[in-house]
Amino acid sequence: MLRGTAWPLAGCSATPPGVRTAARAALDGAEETARASAAEWLAALGEPGVVPPEPGWEFGDGVLAPATRTLPADTLWWLDRFRTQALERGVPAPDVNRWLGLARPMLRTAPDGGGPVVGRLGGPLMLPPDVPTPGDTYEPVGEEGTEYTADHQLILTLDFSAVPEGATDLPLPPDGTLLLFVNADLEPWPAGGAVYVSAGAAVEERESSPDYEVYEYDTPEELDAELRRVGALRLVPGVSLPSTPPDDGMLARHPHAETLREVWAEQTDGGGDWQLGGHAANFDDYGDPVAGSADPEASEELADPDDWVLLAQWVGFPMSILYWTIPRQDLAARRFDRVAVQMHANP
């Protein structure tokens with residue numbers, strides 16, 4: 001973090017001589033950053049009478065959104081590094097700070113796969129008896145009057161009760177499970193959606209037979225077997241900034257957007273195959289899948305790009321990203337039938 005003094009880590013087994021005394025002296029100093037830094041360090045050591053500064057103090061008042069300021073220090077470190085590198089690239093500090101105001105909390109997979117369990121990948125498919133198996137009904141060419149149903153493939157069962165409150169800025173339910181589906185077929189396009197099951201609802205295992213040409217897998221069964229081998233989905237706190245190509249409106253508000261998103265693209269630790277909330281990850285500059293979910297010809301609540309949010313994304317297939325999006329107001333109302341699925345891929 002940006003601090004006036006680089007204090008030792010609070011978890012160190014021994015504090016170098018004189019450092020605690022220097023930190024106590026800094027509490028009475030005139031330099032605001034040094035005071036806050038010393039207070040944070042001493043409070044972490046349990047120093048009596050020392051009150052730590054508010055989370056995110058390093059970025060100044062009003063820079064980060066309230067939901068982002070409360071992220072763990074090791075998560076905010078990525079924003080601090082981003083800010084340092086953006087300033088080194090010549091972006092004016094006010095422009096960097098306004099871009100930091102777009103930062104959003106999220107949950108993501110860690111590089112080592114650690115973290116609390118929040119869901120299960122693959123089957124079995126557990127649904128209430130009165131909920132139909134998600135899928136599409138279609139009438140094959142030349143077979144008028146004959147309807148076929150193509151089941152959607154279960155990818156993830158997410159346990160909302162295991163998602164920490166405030167881990168994202170989305171209006172997620174406090175409990176229940178969310179089942180995410182997709183048939184990852186690029187011809188003509190992926191089909192999928194989501195089903196919400198309220199807490200305590202009786203469920204039963206449902207037989208499902210997706211029948212489609214899976215992108216980069218031989219069969220849906222092979223994909224399900226791979227998902228089940230992974231099993232538990234573990235997510236940790238993360239933070240995101242816009243990374244997709246800016247439109248004219250974004251460029252008008254943030255003239256250095258191209259440089260800023262380039263700098264953010266360099267902030268990676270190799271994790272993040274799964275993401276819940278936040279900004280959608282960029283794929284080959286295909287555009288923002290969240291804004292792209294809006295349908296100008298649909299009802300008013302589905303037509304405004306600003307109403308849509310990223311629910312989840314998965315980097316689960318080679319050279320591609322899958323996105324589940326939904327209007328924020330529908331998420332709050334638990335209208336998960338409004339979830340849209342997109343896949344950006346370069347096969």
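Quick caveat: nothing in here was measured; it's all calculated off a predicted structure.
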Arg334 side-chain N/O to Ser198 backbone N/O, donor-acceptor pair under 3.5 Å: no

Euclidean distance, Gln275 CD relative to Gln313 CD, rounded to 0.5 Å: 4.0 Å

Evaluate Arg234 against Asp112 for side chain to side chain contact (heavy atoms under 4.5 Å, CB included), listing each step before the verdict. CA-CA 10 Å; Arg234 300 174 182 270; Asp112 63 358; over 6 Å; no

Please confirm whether the backbone N or O of Asp80 pairs with a side-chain atom of Glu58, one donor and one acceptor, at under 3.5 Å? no

Kindly give the heavy-atom pair with the smallest separation between Gln153 and Pro220, and that separation in Å. NE2-O, 2.8 Å

Minimum heavy-atom separation for Arg81 to Thr268, with atom names? NH2-N, 4.4 Å

Can you tell me how far the CG atom of Leu178 sits from the CZ atom of Phe160, to the nearest 0.5 Å? 4.5 Å

Just verifying a value: how many Å separate Ser209 OG and Glu221 CD, rounded to the nearest 0.5 Å? 7.0 Å

Does some side-chain heavy atom of Arg328 sit less than 4.5 Å from a side-chain heavy atom of Asp307? no

Closest non-hydrogen atom pair, Glu204 against Pro129: OE2-CA, 3.6 Å

Ile321 with Leu310, same ILVMFWY side-chain cluster at under 4.5 Å: yes

Should the ring pair Trp274 and Trp314 be called parallel, tilted or perpendicular, given that the plane angle runs from 0 to 90° and is split at 30 and 60? parallel

According to a hydrophobic-cluster definition based on side-chain heavy atoms being under 4.5 Å apart (Ile, Leu, Val, Met, Phe, Trp, Tyr only), do Ile326 and Leu179 belong together? no

With a 4.5 Å limit on heavy-atom distance, are the side chains of Asn183 and Val341 in contact? no

Side-chain donor-acceptor contact under 3.5 Å, His254 with Asp95: no

If you look at every heavy atom in Pro190 and Val182, which pair is closest and at what distance? CB-CG2, 4.1 Å

Is it the case that over 12 heavy atoms from other parts of the model lie below 6.0 angstrom from the CG atom of Asp284? yes

Compare all side-chain heavy atoms of Trp78 with those of Leu241 and state whether any distance is below 4.5 angstrom. no

CD (Glu213) with more than 12 external heavy atoms under 6.0 Å: no

Could you go through Thr244 and Asn282, starting from their C-alpha distance and side-chain angles, then the distance that decides it, and tell me whether this counts as side chain to side chain contact (heavy atoms under 4.5 Å, CB included)? CA-CA 5 Å; Thr244 55; Asn282 184 45; 4.0 Å; yes

Do the side chains of Leu251 and Trp99 join up, straight or via other hydrophobic residues, at under 4.5 Å, putting them in one cluster? no

Judged by atom type as modelled, is there a donor-acceptor pair below 3.5 Å linking the side chain of Arg120 to the main-chain atoms of Arg228? no

For residues Leu107 and Pro164, report the shortest heavy-atom separation together with the two atoms involved. CD1-CD, 4.2 Å

Donor-acceptor contact below 3.5 Å, side chain Ser240 vs main chain His279: yes

Working to the nearest 0.5 Å, report the span between CG of Asp224 and CG of Leu154. 7.5 Å

Do Val91 and Val263 touch side chain to side chain, with heavy atoms closer than 4.5 Å? no

Cluster question for you: counting only ILVMFWY and a side-chain heavy-atom cut-off of under 4.5 Å, with indirect links fine, are Leu233 and Met126 together? no

Spell out, as yes or no, whether a donor-acceptor pair under 3.5 Å connects the side chain of Thr109 to the backbone of Leu235. no

Quick one: do Arg83 and Leu100 satisfy side chain to side chain contact (heavy atoms under 4.5 Å, CB included)? Show the steps, please. CA-CA 8 Å; Arg83 178 168 64 174; Leu100 284 168; 3.8 Å; yes

Please answer: with hydrophobic residues joined when any side-chain heavy atoms are less than 4.5 Å apart, are Phe181 and Leu156 in the same cluster? no

Measuring only between side-chain heavy atoms, which start at C-beta, is Leu276 closer than 4.5 Å to Leu158? yes

Applying side-chain hydrogen bond (donor to acceptor under 3.5 Å, both in side chains) between Arg108 and each of Asp273, Thr75, Asp269, report the one that passes. Asp269

If we ignore hydrogens and angles and just use 3.5 Å, is the side chain of Arg98 paired with the main-chain N or O of Arg253 as donor and acceptor? yes

Between the main-chain N or O of Ala103 and the side-chain N or O of Thr68, is there a donor-acceptor pair closer than 3.5 Å? yes

When the ring planes of Tyr323 and His344 are compared, do they come out parallel, tilted or perpendicular, using 30° and 60° as the limits? perpendicular

Is any side-chain heavy atom of Met106 closer than 4.5 Å to one of Leu71? no

Heavy-atom distance under 4.5 Å between the side chains of Glu88 and Thr84, does that happen here? yes

Any Lys/Arg nitrogen of Arg261 or Asp285 sitting under 4.0 Å from an Asp/Glu carboxylate oxygen of the other? yes

Is it true that atom CD of Glu165 has more than 12 heavy atoms of other residues, nucleotides or ligands lying nearer than 6.0 Å? no

Whether the Tyr217 and Glu226 side chains hold a donor-acceptor pair (N or O, under 3.5 Å, no angle test) is what I'd like checked. no

Side-chain (Ser320) to main-chain (Gly316) donor-acceptor, under 3.5 angstrom: no

Distance, nearest 0.5 Å, that separates CG of Asp151 from CG of Asp211: 9.5 Å

Judged by atom type as modelled, is there a donor-acceptor pair below 3.5 Å linking the side chain of Tyr215 to the main-chain atoms of Pro318? yes

Is the number of heavy atoms from other residues, nucleotides or ligands under 6.0 Å of Asn346 CG greater than 12? yes

Criterion side chain to side chain contact (heavy atoms under 4.5 Å, CB included) on Leu79 and Leu64, from CA distance to verdict: CA-CA 10 Å; Leu79 295 181; Leu64 298 182; 3.9 Å; yes

Working to the nearest 0.5 angstrom, can you tell me the gap between Glu205 CD and Leu125 CG? 8.0 Å

Exercise: identify the closest heavy-atom pair between Ser243 and Trp264: CB-CD1, 4.5 Å

Consider only side-chain N and O atoms of Thr259 and Arg89, and report whether a donor and an acceptor are under 3.5 Å apart. no

Side-chain contact, heavy-atom cut-off 4.5 Å: Pro72 with Val236? no

